[in-house]
Number of protein chains: 2
Amino acid sequence: MALRHAVLAALLDDEYSGYQLAKAFDIGVANFWHALPQQLYAELTKLEKEGLVTGREVVQETRPNKRLFRVTDAGRAELERFAAAPSKPSFIRDDLLVKVQAADRVGTAAVIEQLEERAAAAAAKSELLAALLRQLRGDADEEEFLRSGERIGPYLTCLRGLAFEREHRDWCLRIAAVLKERRTTRAER
Amino acid sequence: MALRHAVLAALLDDEYSGYQLAKAFDIGVANFWHALPQQLYAELTKLEKEGLVTGREVVQETRPNKRLFRVTDAGRAELERFAAAPSKPSFIRDDLLVKVQAADRVGTAAVIEQLEERAAAAAAKSELLAALLRQLRGDADEEEFLRSGERIGPYLTCLRGLAFEREHRDWCLRIAAVLKERRTTRAER
DNA sequence: TCTGACTAGTCACATTCTTGAGTAGGGAGA
DNA sequence: TCTCCCTACTCAAGAATGTGACTAGTCAGA
């Protein structure tokens, strides 16, 4: 039931089309929720029916028309209610971790490769998020921005995302190194 | 489709009943996958039908009987195949992060409280995982264990879990502090 | 000029996950 | 003795997620 709240939270700052929202769910919003475009379109439709967002058609010349959505007062109230309700614990679900768990009982070559790919992806995402953070805080330094910035919500979740990606990168690299070394050691026996 | 592989990976080391597995999915296995008992029982039944695990009935006197499962060769082969296939990217999904995203547009009091609760939970989980790690590596120190230990898969995923929980705790505490200070500052205006 | 990528969506189906309830005996503590 | 918690599982129903395919015009580069 929280996709709707993730959508509402993402729409707080600005109007977005479903398409733009889908992009946001790939970058900034992905730090706290992940969803495919189809889900977003469906959720926006539902939210509009329930009056939590309103959409307006924007006619475009050279591109397909689009619908821009914004949160209504009822939507804000719903978010308020959600914020006060108890949260479900977060959890990791990761194919790659499953593979690592099995690592010394199945072949490691493919897993090492995937760890290195993942590390590279995490590093790239880190840079992207670091750039996004710089952009969000403008000229101010972080401490000052967090004290007196207008809108810090997205910044805070990006911080979490950045920490996660860096941690993930480090772990992937370390594990890949460990598995590699073990492979060498065993070959020598 | 990866719950099945998480189950297989969790069963690699030992025989477990559905009930025991459910506990493992609350502690160690939770570092890479999360599932409710009902899902596990259902998955074990399916896996048995497909010949990837075998179960044997254990009759108990003072407690209900139970079925212990172990991975078959076909199951190991399936894991092997899975390890070689490309992984889906991991992602976070967290109610609390959604609330933080909305933080300066809705009331923060409840969110601050939840952040502190969550920090405490993450700290507790960290200690639990640290203890589990100590137990897994026995007398050896980490580096040595990772070089020459028999079975390091579970250790490696626990390391990830520990890093995640610590990171999460730190973030929660920091964000709670930031939101608190802003509340004070604004009250003064 | 052809190809592929981008904008902006929609539809239908399948799988997975969550919620809630129920069964049933044993042991521990008030 | 009564109540609650622990072991050990099962069933059903519904909500949430994911997969795959399809439409259709625009624009950039080979």
Side-chain angles (χ1 to χ4, degrees), chain A residues 1-8 15-27 29-30 32-50 53 55-69 82 85-95 98, chain B residues 1-7 15-27 29-30 32-50 53 55-69 85-95 98:
Chain A
M1 277 277 258
L3 169 60
R4 65 190 312 106
H5 300 110
V7 169
L8 289 172
E15 285 187 322
Y16 286 104
S17 68
Y19 189 80
Q20 291 173 299
L21 202 53
K23 296 216 150 173
F25 267 75
D26 253 19
I27 314 169
V29 183
F32 56 92
W33 208 264
H34 153 90
L36 298 166
Q38 295 94 312
Q39 279 175 269
L40 297 177
Y41 286 115
E43 196 62 44
L44 283 169
T45 306
K46 271 202 272 176
L47 285 169
E48 196 181 14
K49 247 178 219 155
E50 295 172 36
V53 305
R56 64 185 183 93
E57 184 90 14
V58 173
V59 178
Q60 299 185 115
E61 298 278 290
T62 83
R63 285 153 193 230
N65 297 343
K66 61 182 173 182
R67 309 202 60 208
L68 294 181
F69 296 92
F82 171 71
S87 308
K88 288 168 201 167
S90 76
F91 44 80
I92 305 183
R93 252 182 195 164
D94 191 336
D95 276 12
V98 175
Chain B
M1 277 276 257
L3 170 59
R4 64 189 315 104
H5 299 111
V7 169
E15 286 187 321
Y16 287 103
S17 68
Y19 189 80
Q20 291 172 300
L21 202 54
K23 296 216 148 174
F25 266 75
D26 253 20
I27 313 169
V29 182
F32 56 92
W33 210 264
H34 153 89
L36 298 166
Q38 294 95 314
Q39 274 175 274
L40 297 177
Y41 286 115
E43 198 62 44
L44 284 169
T45 306
K46 271 202 272 176
L47 285 169
E48 196 180 16
K49 247 178 217 156
E50 295 171 35
V53 306
R56 65 184 181 92
E57 184 90 14
V58 173
V59 177
Q60 299 185 116
E61 298 278 290
T62 82
R63 282 152 196 233
N65 297 343
K66 61 182 174 183
R67 309 203 59 212
L68 293 181
F69 295 91
S87 309
K88 288 166 201 168
S90 75
F91 44 79
I92 305 183
R93 251 182 197 164
D94 191 337
D95 276 13
V98 175

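Residue numbers begin at 1 in each chain, while the letters A, B, ... track the order of the sequences.
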- Should A/L68 and A/Q20 count as side-chain neighbours, where that means a heavy-atom distance under 4.5 Å? yes
The nucleotide from D/dT26, D/dT17, C/dC17 with an atom nearest the side chain of B/W33 is C/dC17
Checklist entry - Across the strands shown, which category fits A/R4 at heavy-atom distances under 4.0 angstrom: base, sugar-phosphate, nothing? => result nothing
From CZ of B/F69 across to P of D/dA8 the rounded distance in Å is 13 Å
Side-chain atoms of B/P64 come closest, of C/dA8, D/dT26, C/dA24, to C/dA24
From CD of A/Q39 across to P of D/dT17 the rounded distance in Å is 6 Å
key: side-chain contact (heavy atoms from CB on, under 4.5 Å) between B/V58 and B/R56, intermediate numbers included   = CA-CA 6 Å; B/V58 173; B/R56 65 184 181 92; 3.8 Å; yes
Exercise. Should B/L3 and B/F25 count as side-chain neighbours, where that means a heavy-atom distance under 4.5 Å?
Worked result: yes
Between NZ of A/K23 and P of C/dA8 the distance, given in whole Å, is 9 Å
*asked:* Taking only side-chain N and O atoms of A/Y19, does any of them lie within less than 4.0 angstrom of OP1 or OP2 on C/dG9?
replied: no
I'd like to check A/F82 versus B/D95 (side-chain heavy atoms, cut-off strictly below 4.5 Å). Are they in contact? yes
Winner on side-chain proximity to A/R63, out of D/dG18, C/dG9, C/dT7, is C/dT7
Rounded to whole Å, the CG-P distance (A/L47 to D/dA16) equals 11 Å
B/R93 CZ to D/dA15 C1', in whole Å, measures 13 Å
Looking at B/Y41, I'd like to know whether one of its side-chain N or O atoms comes within less than 4.0 Å of OP1 or OP2 on D/dC9. yes
*Any donor-acceptor pair under 3.5 Å from B/R93 side chain to A/H34 backbone*: yes
*Would you state whether a donor and an acceptor, one from the side chain of B/Q38 and one from the base of C/dG20, lie under 3.5 Å apart?*
yes
Judged by nearest nucleotide, the residue sitting upstream toward the 5' end of DNA chain D, A/K46 or B/Q60, is B/Q60
Rounded to whole Å, the NZ-C1' distance (B/K66 to C/dG25) equals 16 Å
Here the distance between atom P of C/dG9 and atom CG of A/L44, to the nearest Å, is 9 Å
Whichever of A/E61 and B/S17 has the more 5' nearest nucleotide on DNA chain D, that residue is B/S17
In whole angstroms, the gap separating P of C/dT16 from NE2 of B/H34 amounts to 15 Å
